[in-house]
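Only one structure is covered here, and it is reproduced in the block below.
All of these numbers come straight from a predicted model, not from anything done at the bench.
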Amino acid sequence: LGNTWIVAMGGSQGAGKTTLMASMYDLRADGPQWLQGNEGRGEKMPVLILEEDGTSEPQGYVRRLTADDDSKNFKLEDVKVDVMEFQRAVCDPNANDLLPILRVPRRYFKRDTQAWLLLPGYEKQERANRSWQELMRQVMIAAGGCVVVTDETRMANKQQLEIVRDMLENELKDCKPYIVISKTEAYRHDKDRRNALISSAQITFQVDPQLADKHIILSGVDDPEYVSEWMPLLRGAIDDLNFTGQSGRHRQMGHLSDILGKDLSRVLNTIRSKARLYFMRGGSTDGDGAQLLED
């Protein structure tokens with residue numbers, strides 16, 4: 001990502017991250033559905049959302065590792081794709097698909113070096129999801145700011161609370177995230193229920209009581225009048241994130257360096273063991289050892 005100052009949008013699967021981001025850029029109306037809700041299926045890749053001057057319509061790209069004609073050298077290319085190919089890269093990426101990128105008209109950020117990274121759902125880490133869960137965690141550690149999306153159901157779920165607790169002790173240890181509680185349209189005029197949700201989020205995410213009014217935002221995208229009420233609060237949070245986050249930067253990067261060092265060592269050991277197995281089998285081009293190495 002070079003020198004891009006990333007604001008991460010995270011949260012568990014189905015909490016409403018993608019729907020919120022689509023609403024922020026008016027992508028839920030008729031037209032290409034670049035950001036589609038994937039509840040029950042889930043994204044495996046983060047999506048970089050870049051604001052650009054002169055861009056009138058959203059455009060999708062996939063950053064890919066492509067081989068030269070001789071297949072000996074590789075280079076990174078941002079390949080323009082349609083909505084279907086973009087969604088495939090988000091939810092079922094090929095090995096050479098490194099990053100889906102959505103370029104949108106400028107709206108919230110003032111500098112070209114600022115961007116969103118919409119993260120896959122935060123889940124309990126298992127063997128099947130380890131690759132993208134670790135990638136997501138690395139992003140949260142290195143991000144300049146973070147918005148966490150949740151909802152009433154997830155704040156009452158024991159397993160989700162354990163995931164949040166783990167997140168606060170690790171990835172968000174040096175960060176004061178903004179919390180967006182989605183799907184609260186029904187409580188628009190219920191002051192007591194809204195206060196109860198804010199209080200619950202304040203306890204769950206360990207938000208300083210003095211910051212709760214600014215750092216916890218109730219949202220909902222199905223009522224245009226309601227959107228007009230909470231969207232200015234989110235815009236204010238984004239403005240705050242534009243100018244904060246530097247104080248813990250050295251700790252963040254040190255933590256990220258440790259994680260990448262362990263991850264790289266594991267990858268190199270895997271390559272070494274697979275290559276050794278291949279050569280022990282004679283390196284034949286038609287054997288299963290060759291197929292294993294290619295995989």
Side-chain angles (χ1 to χ4, degrees), residues 4-12 15-28 35 46-51 102 104-119 122 136 139-152 154-155 164 167-168 171-185 187-188 194-195 197-221 223-249 252:
T4 305
W5 180 256
I6 293 296
V7 177
M9 181 171 287
S12 59
K17 306 180 302 296
T18 303
T19 302
L20 175 63
M21 187 66 73
S23 179
M24 290 169 59
Y25 288 96
D26 299 327
L27 300 178
R28 301 184 72 225
L35 297 177
V47 179
L48 181 68
I49 300 176
L50 287 173
E51 295 188 352
L102 184 62
V104 295
R106 188 174 301 282
R107 180 164 293 187
Y108 300 101
F109 296 123
K110 298 177 174 61
R111 300 190 296 275
D112 292 337
T113 54
Q114 296 171 301
W116 290 102
L117 202 62
L118 179 62
L119 301 180
Y122 196 104
M136 182 270 298
V139 170
M140 293 185 78
I141 291 168
C146 187
V147 175
V148 176
V149 182
T150 188
D151 61 22
E152 183 178 9
R154 283 160 178 78
M155 286 195 294
V164 169
M167 184 167 58
L168 292 170
E171 290 79 23
L172 297 178
K173 181 172 61 176
D174 297 317
C175 176
K176 291 183 174 59
Y178 283 80
I179 312 301
V180 175
I181 307 175
S182 63
K183 310 169 189 175
T184 63
E185 295 95 332
Y187 307 131
R188 180 184 176 191
R194 291 171 63 84
N195 288 337
L197 286 173
I198 292 173
S199 178
S200 176
Q202 186 249 313
I203 295 171
T204 299
F205 290 92
Q206 302 174 18
V207 178
D208 186 331
Q210 295 182 347
L211 299 177
D213 288 343
K214 289 183 61 178
H215 278 249
I216 300 175
I217 301 169
L218 273 61
S219 73
V221 300
D223 183 340
E225 291 187 6
Y226 188 42
V227 172
S228 67
E229 291 178 8
W230 61 259
M231 189 64 80
L233 302 177
L234 182 58
R235 182 180 287 274
I238 296 169
D239 289 341
D240 286 344
L241 289 171
N242 284 340
F243 301 102
T244 59
Q246 289 285 5
S247 59
R249 200 65 177 158
Q252 282 180 310

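The shortest heavy-atom contact between Ser182 and Asp151 is OG-CB, 3.6 Å. Between Leu119 and Ala8, the shortest heavy-atom distance links the atoms CD1-CB, 4.0 Å. Taking both residues in full, the closest heavy atoms of Gln202 and Ala212 are given as CG-CB, 4.3 Å, listed atom of the first, atom of the second, then distance. For Leu234 against Leu20, the heavy-atom pair with the smallest separation is CD2-CD1, 4.3 Å. Here the shortest heavy-atom pairing between Pro105 and Glu51 reads O-CG, 4.0 Å. Of all non-hydrogen atoms in Leu48 and Ala115, the two that sit nearest each other are CD1-CB, 3.9 Å.
Between atom CZ of residue Arg188 and atom OH of residue Tyr226 there is a gap of 8.5 Å, rounded to the nearest 0.5 Å. Taken to the nearest 0.5 Å, the CD1 atom of Ile179 stands 12.0 Å off from the CD1 atom of Ile198. For the atom pair His215 NE2 and Asp240 CG, the distance stands at 6.5 Å (nearest 0.5 Å). Here Arg106 contributes atom CZ and Leu50 contributes atom CG; the two are 10.0 Å apart, rounded to the nearest 0.5 Å. Ile181 contributes atom CD1, which lies 6.0 Å from atom CD1 of Ile216 (distance to the nearest 0.5 angstrom). Here the CD atom belonging to Gln114 is positioned 14.0 Å from the OH atom belonging to Tyr108, to the nearest 0.5 angstrom.
For the pair Val47/Trp116, no side-chain contact is recorded, criterion being any heavy-atom separation below 4.5 Å from C-beta on. For the pair Arg194/Leu197, no side-chain contact is recorded, criterion being any heavy-atom separation below 4.5 Å from C-beta on. The shortest side-chain heavy-atom distance between Tyr25 and Leu35 does not fall under the 4.5 Å cut-off. Considering only heavy atoms from C-beta on, Asn195 stays 4.5 Å or farther from Tyr187 through its side chain. For the pair Thr150/Phe205, a side-chain contact is recorded, criterion being any heavy-atom separation below 4.5 Å from C-beta on. Side-chain contact between Ile49 and Met24 is absent, with no heavy-atom pair separated by less than 4.5 Å.
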Could you go through the side chain to side chain contact (heavy atoms under 4.5 Å, CB included) check for Leu211 and Tyr178 one step at a time?
CA-CA 10 Å; Leu211 299 177; Tyr178 283 80; over 6 Å; no
task: Go through Met21 and Leu102 one step at a time and tell me if the side chain to side chain contact (heavy atoms under 4.5 Å, CB included) criterion holds.
output: CA-CA 11 Å; Met21 187 66 73; Leu102 184 62; over 6 Å; no
Could you give me the CA-CA distance, side-chain angles and deciding distance for Lys183 and Glu152, then say whether side chain to side chain contact (heavy atoms under 4.5 Å, CB included) is met?
CA-CA 8 Å; Lys183 310 169 189 175; Glu152 183 178 9; over 6 Å; no
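For the pair Glu185 (side chain) and Asp223 (backbone), a donor-acceptor distance under 3.5 Å is absent. Between the Lys17 side chain and the Ser12 main chain, a donor and an acceptor come within less than 3.5 Å of each other.
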